[in-house]
Each structure stands twice: as structure tokens, then as C-alpha cells.
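Take a look at the structure set out below.
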Amino acid sequence: MDFTLRGWLSELERLGRLKTVSRQVSPVHEIAAVTLKAGPDVAIMFNNVTGYDVPVVTGLAGSRPAMAASLGLGVREMLNRFNQALNSPVPCQVEASGHQEVKSRVYRGEAVDLEKILPACVHHEFDSGKYLTAAMLITKDPETGVRNMAIHRHELHGGNKLGALLLPRHTANIFNRAEALDKPLEVALIIGAHPVVLLASQATTRLGVDELEIAGGLMGQPLKLVKCETVDLEVPVESEFVLEGRILPNVRHDEGPFGEYPRTYGPQSRRHFLEIGCVTHREKPIYHTITPATLEHLLLGAIPREATMLQLIKQAVPTTLAVHLTPSGGCRYHCVIQIDKQNEGEAKNAIFAALASSAEIKHVVVVDKDIDPFDLADVEWAISTRLQASKDAFIVAGAMGNKLDPSANDGLGDKLGLDATTPSDPQARQRFQKIRVPGVENVNLDDYFD
Ligand code: MN
């Protein structure tokens, strides 16, 4: 397989999942509007963006089948492959010289005017400005030298300046240690990569694991890197754009509001500040934007989280079959767990494991193996017919939640467990049997309708 953005776009075209737009579109709202209207089944290449020579692509892997296809897999195999990649990362290969197309064009100093170079979009009504939403930030732990890669939202602040939201995860951990020494942290932002690189960047793994090596694990071959021009970092050689710069110590700037994955705005606050010293890009580069809260955005978070959760919940309840972080819960807050229940109490243990796996999880529903956890009508049916609140629901108040949840108290929030499973006793279970019309699955209406 060709694990480059251009290779993936060719594959999308072959699958009939790539739409192109030749008419002129504005990067302010219009690209996001067309993306929303088109829905999750297509990627879109906007070839004529007002004010720019650079095309904008969105929706690279906007559905589970598309994400699975990018790994050369079926939907059901995706989580296991992700866990394999976590367990056996593949070291990267740094190209000494030769293939360096990403440096076809180099901007330094005054020439680094990000708004002129990048067709960054304004996505939502009350967003404070233009944002990079698909830029992957690569940095190195100054103590261990291990790379880290993550997506942060970056607001264009004019010229070579960017704002960023660093939630308390790995990039923030690394930066905090640099800042304690009053030192800037060198970073490289890459834009335009194959979905495996985007997916790897979202791994919910421990500090000290290089997400670029997880990309190698997903591909089954080393990711090829090239050294940056002005910072001591390496970036994927097939990137479309590379922005090299530094997060400044003891500098904060107003950032936001910004429409986020819960489909509400993250409020304005004083946040981290970057200076970009050098930008490089390929010949005729392609710019990638992710419209926030679309499935493209949500699934990138969901797949790695579901993979990690499946492992953890299986440790607690070995009969666990599937985990689904639902799109309406932002693929963060709502979790459906499917188990092949053998013993009373298993569902509640699965809920504990799910709640412990991530601070973001708020509400967990457990269903039996005759319920499809990806069919939310089926899940609601199980809640409506298999749950009595006084014994099957429980609340844990005041646990750590997520700061972007508008109903949480600055991240402090409640957890809810719903056991929608049937009794393990086979006799008692019969009362819950689903009605079924024999033969319905084999009916071809063309054989019946005149
Ligand atoms: Mn990390």
C-alpha cells in the first residue's frame, strides 16, 4: 500500500469516495458548510479556494469503513490491529538525504506569513479566527529524546504566530518541563498525511511512546522521516507542509472561542503561543483541514480509545465482545459495551473498567450479545426493556471529567452506569427474548411487489 496522502487520495478516487469541487469557495465557513452537507461518506478536494493556489482536502477518513480501508482492513479488524501496533511499534527510518520533496519550497524569516501560505479555514459561526485543525505537532522529550506526536488546535494569530490549546497530556507535560527551565520547546507541525499517521497521533498511550513508531506498526513498515531545517526534529518525508518553530515559555495569548467535538464552543482563554521560524512544502502542496465535530474528527479519537478500552475492559470482564464510543457523545462521553454475560455482576464490573479507562467517559451502557452496540436504536431498545433504574443504574458524583464538557464544573463531573443486560440464568433470560419474524432476512421485495 501507498501510505502517503496522495496515495490515499488515489485510493479514495478508485473507491468512488472522492469528490472534487472546481468552483470557487471561501475558506471562511463555505468549505466547512459543504463538508457538513456532503456527510461522512466522501472526501472532498476543493481546487479553487478564494485567495489561494493551494487546494484544500477534507473528510480523508470520515467513516468507519473508510478508516478501516485506509489500513487495508475490514471494520471489525481495526481495533485489534491498533492494539497490535501499540504493542509492537516499528522504529522510524531517517532519510539522510535524497528524497526531500517536502522541502521543494522553503520560507524563512519575514516570508513566514502563515495566513498567506496556508488556506486555513474558519469553521464555525463564533470561532475567533482561522484555525489549523489537522496539524500534527511533533516534539521531543528533552530528558529522554523520545518523540511525541499529537493534534492540537492552532489559531492563526498573524504573521508567524500561532495559538494552541494544550490539554494536560503529553505535549503539555513535555512543554511544562522546558518552561520550568525558562526554555522554549522546539516543535514541528506537519499538515497533509495518510490516515494511518493521523490515527497514530491519537494513540492514548503512555508518555515515552513515539506515535510515529505506532504509525510504523500500523503500516507494518518503518515510517520514513527527514530532518528539519531549523529545529532538532524529524518529520514524515511525505508530509505536504512542515512548520518549524517553538512554543514560547511564560507567554500566553487569548485563544478561542472554538467549536469543538462536543458540538459546543470551547471558551476563550489565555493559552500557549508559538512562533514559526520556517515553513517548507512540496511542489503543488495539498492542505488538509478537519471540520471539528464531524465524523472525520470524532473517529480519529474513537478508534484508538476504543482499542485501549477493549483491552482494559477485557481484563476485568473476559467475555467483553465490543466497545463503541458513540458519535452523538462526541466519541468521548458515551460508551456502549457488549458482553457475552455469563455471571451476575459482570456488567457493573465492565462499567467500572470503562469509567477507569479515561476521564472523558461519562455514561456507560452494557448490553448483551444479541444487541448490536453500533445500532443505537437497538441499544435504546435494550435500555427500555432490560433496565430497572433502582437496581441497574448507578451514579458516581464528583469524579474527574473533561474540561470541554459544558455541563462539568471545570472538568469535575458525574459518572453514570447503566446495566441493560438480561439475567445470566437461562430460564429468567427467556422473558427478554426478541421477537422475530422467520424468513424476513431472506425476503427480496422485487419478488413480491407487482
Ligand atoms: Mn504521546
Side-chain angles (χ1 to χ4, degrees), residues 4-5 51-56 92 94-121 129-142 145 147-164 166 171 174-175 178-179 183-193 197 201 210-212 223-249 251 253 255 272-289:
T4 66
L5 173 62
Y52 296 90
D53 287 335
V54 177
V56 175
C92 300
V94 182
E95 311 262 281
S97 59
H99 181 61
Q100 302 210 339
E101 204 187 328
V102 67
K103 296 181 185 174
S104 296
R105 183 79 197 265
V106 181
Y107 303 80
R108 295 170 194 263
E110 293 288 297
V112 180
D113 186 335
L114 298 173
E115 185 151 358
K116 278 194 184 144
I117 302 169
L118 302 169
C121 299
K130 290 187 168 182
Y131 270 83
L132 314 179
T133 54
M136 287 173 272
L137 185 147
I138 296 169
T139 187
K140 249 180 210 173
D141 188 314
R147 273 184 302 263
N148 193 74
M149 176 168 67
I151 299 179
H152 303 279
R153 68 186 206 215
H154 292 280
E155 181 173 6
L156 270 60
H157 281 324
N160 69 339
K161 309 287 196 289
L162 287 175
L166 306 186
T171 307
I174 293 167
F175 173 71
E179 188 171 47
K183 287 187 173 162
L185 181 71
E186 289 191 337
V187 298
L189 277 65
I190 59 164
I191 300 171
V197 181
S201 77
D210 179 354
E211 287 83 2
L212 294 152
L223 185 64
K224 289 182 180 157
L225 307 182
V226 62
K227 284 187 179 301
C228 288
E229 291 290 297
T230 61
V231 293
D232 181 24
L233 292 166
E234 304 82 34
V235 291
V237 69
E238 298 290 353
S239 307
E240 295 288 327
F241 288 92
V242 178
L243 284 57
E244 304 177 4
R246 308 177 306 163
I247 310 177
L248 303 183
V251 180
H253 195 285
E255 186 268 346
H272 294 84
F273 194 69
L274 287 77
E275 265 177 10
I276 302 301
C278 175
V279 175
T280 76
H281 66 66
R282 300 172 66 98
E283 263 334 314
K284 299 196 166 132
I286 301 168
Y287 176 83
H288 177 208
T289 195

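The basis for the numbers below is simple: all heavy atoms, side chains too, and nothing from hydrogens, waters or symmetry mates.
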Within a 6.0 Å radius of atom NZ on K161, are there more than 12 heavy atoms belonging to other residues, nucleotides or ligands?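 Result for NZ/K161: enclosed.
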How about [X] and [Y]: do any of their side-chain heavy atoms sit closer than 4.5 Å?
| X | Y | value |
| --- | --- | --- |
| E283 | E101 | yes |
| T171 | N148 | yes |
| L132 | L243 | yes |
| P236 | L225 | yes |

Going by the side-chain contact (heavy atoms from CB on, under 4.5 Å) test, name the single residue among Q100, R105, E240 that passes it with R282. E240
Apply the side-chain contact (heavy atoms from CB on, under 4.5 Å) test between L189 and each candidate in I151, L274, V279; give the one that qualifies. L274
Can you tell me how far the [atom1] atom of [X] sits from the [atom2] atom of [Y], to the nearest 0.5 Å?
| X | Y | atom1 | atom2 | answer |
| --- | --- | --- | --- | --- |
| H272 | L162 | NE2 | CG | 14.0 Å |
| D210 | D141 | CG | CG | 11.5 Å |
| E244 | I138 | CD | CD1 | 10.5 Å |
| I191 | T289 | CD1 | OG1 | 9.0 Å |
| L185 | L166 | CG | CG | 9.5 Å |

Is a donor on one side and an acceptor on the other found under 3.5 Å between the side chain of [X] and the backbone of [Y]?
| X | Y | answer |
| --- | --- | --- |
| E211 | M149 | yes |
| E155 | E255 | no |
| T139 | V187 | no |

Nearest non-hydrogen partners of [X] and [Y], listed with the distance:
| X | Y | result |
| --- | --- | --- |
| A111 | I117 | O-CD1, 3.8 Å |
| C121 | V56 | SG-CG1, 4.5 Å |
| P184 | R246 | CG-NH1, 3.7 Å |
| L5 | A193 | CD1-O, 3.7 Å |
| C228 | V242 | SG-CG1, 4.5 Å |

Partners of K130 by side-chain hydrogen bond (donor to acceptor under 3.5 Å, both in side chains), sequence neighbours excluded?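 K130: side-chain hydrogen bond (donor to acceptor under 3.5 Å, both in side chains) contacts with Y52, E115.
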Residue set satisfying side-chain hydrogen bond (donor to acceptor under 3.5 Å, both in side chains) with E234, at least two apart, ordered chain then number -> K140, R147
Does the separation of the ring centres of H281 and Y107 fall below 6.0 angstrom?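 Yes, the ring centres sit under 6.0 Å apart.
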On the 0 to 90° scale, with breaks at 30° and 60°, tag the F241-Y287 ring pair as parallel, tilted or perpendicular.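 Perpendicular, since the angle between the ring planes exceeds 60°.
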Listed by chain and number, what are the ring-ring contact (aromatic ring centres under 6.0 Å, His included) partners of Y131, not counting sequence neighbours?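 So Y131 forms a ring-ring contact (aromatic ring centres under 6.0 Å, His included) with F258.
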Determine, stepwise, if the pair N160 / D113 fulfils side chain to side chain contact (heavy atoms under 4.5 Å, CB included). CA-CA 5 Å; N160 69 339; D113 186 335; over 6 Å; no
Between E229 and K103, does a side chain to side chain contact (heavy atoms under 4.5 Å, CB included) hold up when you go through it step by step? CA-CA 9 Å; E229 291 290 297; K103 296 181 185 174; 3.0 Å; yes
